[in-house]
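Structure, as structure tokens:
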Amino acid sequence: MTVRTRFAPSPTGRLHIGGARTALFNYLFARHHHGSFLLRIEDTDRERSTAENTQLILDSLAWLGLKADEPPLLQSTRQARHVEVARQLLASGHAYRCYLTPEELEAMRAEAKAAGRNLRIRSPWRDRDPAEAPQGRPFVVRLRAPREGETVIDDLVQGSVRVANTELDDMIILRSDGTPIYQHAVVVDDHDMAITHVIRGDDHFTNTFRQAQIYDAMGWERPRFAHVPLIHGPDGAKLSKRHGAQSVTEFREMGYLPEALCNYLLRLGWGHGDVEIVSRADAIRLFDIDEVGRAPSRMDYAKLAHVNSVWLREADDTRLARDVLERLAGRDDLALGPDSERRITALMPALKERAKTLVELAEAATFLVRPLPLAFTPKATAQLTPENKAMLRELAGEIAATEFAAAPLDALLRSHAERTGRKMGAVAQPLRAALTGSTVSPGIEAVLVALGREEALARIAAAAAA
RNA sequence: GACCCCUUCGUCUAAUGGUUAGGACACCAGCCUUUCACGCUGGUAACACGGGUUCGAGCCCCGUAGGGGUCACCA
């Protein structure tokens, strides 16, 4: 059997971080078993679904590197088929027309609530002769679910779970306007798409029992189910706006790398010995769905930041520099020029070791592209004493005559310090202040190289003259 | 409320019924050092609780507590 999985988001919003993890698990499971990973857009809620959201979700999935093996299927295009299956169920007696009115339903709810009972819709139309059906009155189509016995789901994550059929009521599969209900559409689509493994959020678990009854009624083989626990906020409550970012789009804007987000999400709820940093290739090799834990896990933004810093250091310098440039573009306090990309790329090996996100990285790179004269922080100003300015002027001459590479510049500063009886810090800090306007930066020789001879000397001259 | 699920350091997790309960993040201390980081070394910190079963339980069983999910003509 060839494994076929699917991710089925509904385009009522952006791709949620929990959805991203579900998609990742589906993708990894399919790849691990040399199967296919498919996409289905559940856009049957015409009110809330938008084409814009669909595109945003597709973009996020692409950004995460979760490419589907077939074009995405739009659920809304399949309505005729959903109705057809409902008719078959009607014809075979596995479904019936229910003429219960909203008022009658409401009365049943009120009664159940008043009696402190749990509501189970028991439609009288289940057992009535269809000949008694009122002509012209609207009806819904309900599944004639078994009343005896139990329904068992052998879930790949949750294990074997059984529910008495008396707990399940006859769910609606077709609305009174003739359109299919999501629960029904999902089953028909998963079957028609030949999905073998339905990996989805645990919030769908209860529905699975009702969906299973549709498979059974149609005589279709049920796929294997795997319900993965949800992601909670740091306080254990359901992840919501007040916890911070929750859509992939937001994490992207906040400067997280896709490989880092995937790595973090993978380790949330899944463990494989001591592995922490997992590449996509390793993930495909190691991941299997039955290793996913059953307890919900909490979002830990600090750990995500750490994982991101690890992948930042692994990332290609040119790629990072381009991203930084994009983030810096349009800022009117900067002077981006033809040399900007060169400078940022040159310093990238040092910069990326000091940042946890691309936002931090971009901010740390700003000094490279600031117009002269530089603004100095108070601590930097304190470094620029008359004595130190004199030293800087002297140093400028030596620097002008030195090869612009890290090793010779480092040697130059050290010999200067030794010759003038200064500690290295007493030389480097004033120079750092002059070059960056701050007292914090990557190694000073790397900064010199990134700036280039001309710019470095201009900055030293400006600071010494200030 | 009903049904279902869950419970190992603060967090994410590891541990054929036999381990000083391991790792990672975070936190603390020290080292390195031209600043800031990185890195290195060390440290604090967990089997929710109560009963069983067993020579022996974090692992098995029962209960309690706490947390979560679902109970729409939404998806």
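All heavy atoms count here, side chains included; hydrogens, waters and symmetry mates do not. Letters A, B, ... are given to chains in the order of the sequence lines, protein chains preceding strands, and every chain is numbered from 1.
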Salt bridge (charged side-chain N to carboxylate O under 4.0 Å, His left out) contacts in which one or both residues fall within residues 263-274 of chain A, not counting sequence neighbours | A/R267-A/E276
Please determine, by modelled atom types, if A/T179 and A/R175 share a side-chain donor-acceptor pair under 3.5 angstrom.
-> yes
Ion pair check, A/R147 and A/D170, cut-off under 4.0 Å = yes
Can the ring centres of A/F25 and A/F7 be said to be less than 6.0 Å apart?
-> no
How about A/R453: does its CZ atom have over 12 heavy atoms from other parts shown lying under 6.0 Å from it?
-> yes
Residue whose nearest RNA chain B nucleotide is more 5′ - A/L100 or A/H232 | A/H232
Check the distance between B/rA72's P and A/D170's CG and give it to me in whole angstrom.
-> 14 Å
In whole angstrom, give the distance that lies between atom NE2 of A/H243 and atom C1' of B/rU11.
-> 13 Å
Searching all strands shown, indicate the nucleotide that pairs with B/rC74 (Watson-Crick or G-U wobble; both distances under 3.5 Å).
-> none
Excluding sequence neighbours, so at least two apart, what forms side chain to side chain contact (heavy atoms under 4.5 Å, CB included) with A/A462?
-> none
Gap in Å between the two C1' atoms, one belonging to B/rC25 and one to B/rA46, rounded = 15 Å
A/D189-A/H82 side chain donor-acceptor pair, cut-off 3.5 Å = yes
Give none if B/rG66 has no partner; otherwise give the nucleotide forming a Watson-Crick or G-U wobble pair with it, both distances under 3.5 Å.
-> B/rC6
To the nearest Å, give me how far apart CG (A/L174) and P (B/rC73) are.
-> 14 Å
Between the base of B/rA24 and the side chain of A/K303, is there a donor-acceptor distance below 3.5 Å?
-> yes
With a cut-off of 6.0 Å (strictly less than), are more than 12 heavy atoms of other residues, nucleotides or ligands near CD of A/E52?
-> no
For B/rC59, the Watson-Crick or wobble partner whose two distances fall under 3.5 Å = none
Let me know, please, whether A/V140 or A/D300 comes out on the 5' side of the other along RNA chain B by nearest nucleotide.
-> A/D300
Tabulated below should be each protein N or O lying under 3.5 Å from an N or O of nucleotides 59-64 of chain B; please produce it.
none

Are side-chain N/O atoms of A/Y182 and A/N207 paired as donor and acceptor at under 3.5 Å?
-> no
Could you measure between the two P atoms, the one in B/rC55 and the one in B/rC3, and give it in whole Å?
-> 37 Å
Which whole number of Å gives the distance between the C1' atom of B/rC32 and that of B/rC40?
-> 8 Å
Applying a 3.5 Å limit to both distances, which nucleotide forms a Watson-Crick or G-U wobble pair with B/rA24?
-> B/rU11
Round to the nearest Å and state the distance from A/L230 atom CG to B/rG68 atom P.
-> 11 Å
Taking only the side-chain heavy atoms of A/D274 (C-beta and beyond), determine which of B/rA75, B/rG22, B/rU11 contains the nearest atom.
-> B/rG22
Give the nucleotide from the list B/rU70, B/rC74, B/rA26 with an atom nearest to the side chain of A/H306.
-> B/rA26
Considering Watson-Crick and G-U wobble pairs with both distances under 3.5 Å, what does B/rG39 pair with?
-> B/rC31
Mind checking the C1' distance from B/rG43 to B/rG18? Whole angstroms is fine.
-> 29 Å
Here the distance between atom P of B/rA24 and atom CG of A/L304, to the nearest Å, is 19 Å
Spacing of the C1' atoms in B/rG58 and B/rA14 (rounded, Å) = 12 Å
Contact string for nucleotides 28-38 of chain B, one letter per nucleotide 5' to 3', B = base within protein heavy-atom range under 4.0 Å, S = sugar-phosphate only, - = neither, reads ------BBBBS
P gap between B/rA21 and B/rG39, integer Å | 29 Å
For A/T44, report the nucleic acid contact type (base, sugar-phosphate, nothing); a contact means any heavy atom under 4.0 Å.
-> sugar-phosphate
Check every strand shown and say whether A/N207 touches a base, only sugar-phosphate, or nothing at a heavy-atom separation below 4.0 Å.
-> base
Please report, rounded to the nearest Å, how far the P atom of B/rA26 is from the CD atom of A/E276.
-> 11 Å
side-chain hydrogen bond (donor to acceptor under 3.5 Å, both in side chains) pairs touching residues 346-362 of chain A, sequence neighbours excluded, are A/D317-A/K352
Regarding A/R137 and the six-membered ring of A/Y99, is the cationic atom NZ or CZ under 6.0 Å from the ring centre and inside 45° of its axis?
-> no
For A/R298 and B/rA26, what is the distance between atoms CZ and P respectively, to the nearest whole Å?
-> 19 Å
Should A/T12 be listed as having a side-chain N or O under 4.0 Å from OP1 or OP2 of B/rC74?
-> no
How does protein reach along nucleotides 4-9 of chain B, written 5' to 3' as B (base within reach of a heavy atom under 4.0 Å), S (only sugar-phosphate), or - (no contact)?
-> SSSS--
Modelled atom types, side-chain donor and acceptor of A/Q75 and A/R78, under 3.5 Å = no
B/rA48 and B/rG66: how far apart are their P atoms, nearest whole angstrom?
-> 16 Å
In terms of side-chain heavy atoms of A/S10, which of B/rC73, B/rU11, B/rA75 is nearest?
-> B/rA75
Could you state the NE2-P distance from A/H227 to B/rG68, rounded to the nearest angstrom?
-> 20 Å
Taking 4.0 angstrom as the limit, do A/E455 and A/R459 come out as a salt bridge?
-> yes
Of the candidate nucleotides B/rC73, B/rU11, B/rC3, which contains the atom at the shortest distance from the side chain of A/E167?
-> B/rC3
Euclidean distance for C1', B/rG68 against B/rA29 (whole angstrom) | 39 Å
Sole residue of A/T208, A/T5, A/T22 in side-chain hydrogen bond (donor to acceptor under 3.5 Å, both in side chains) with A/R200 = A/T208
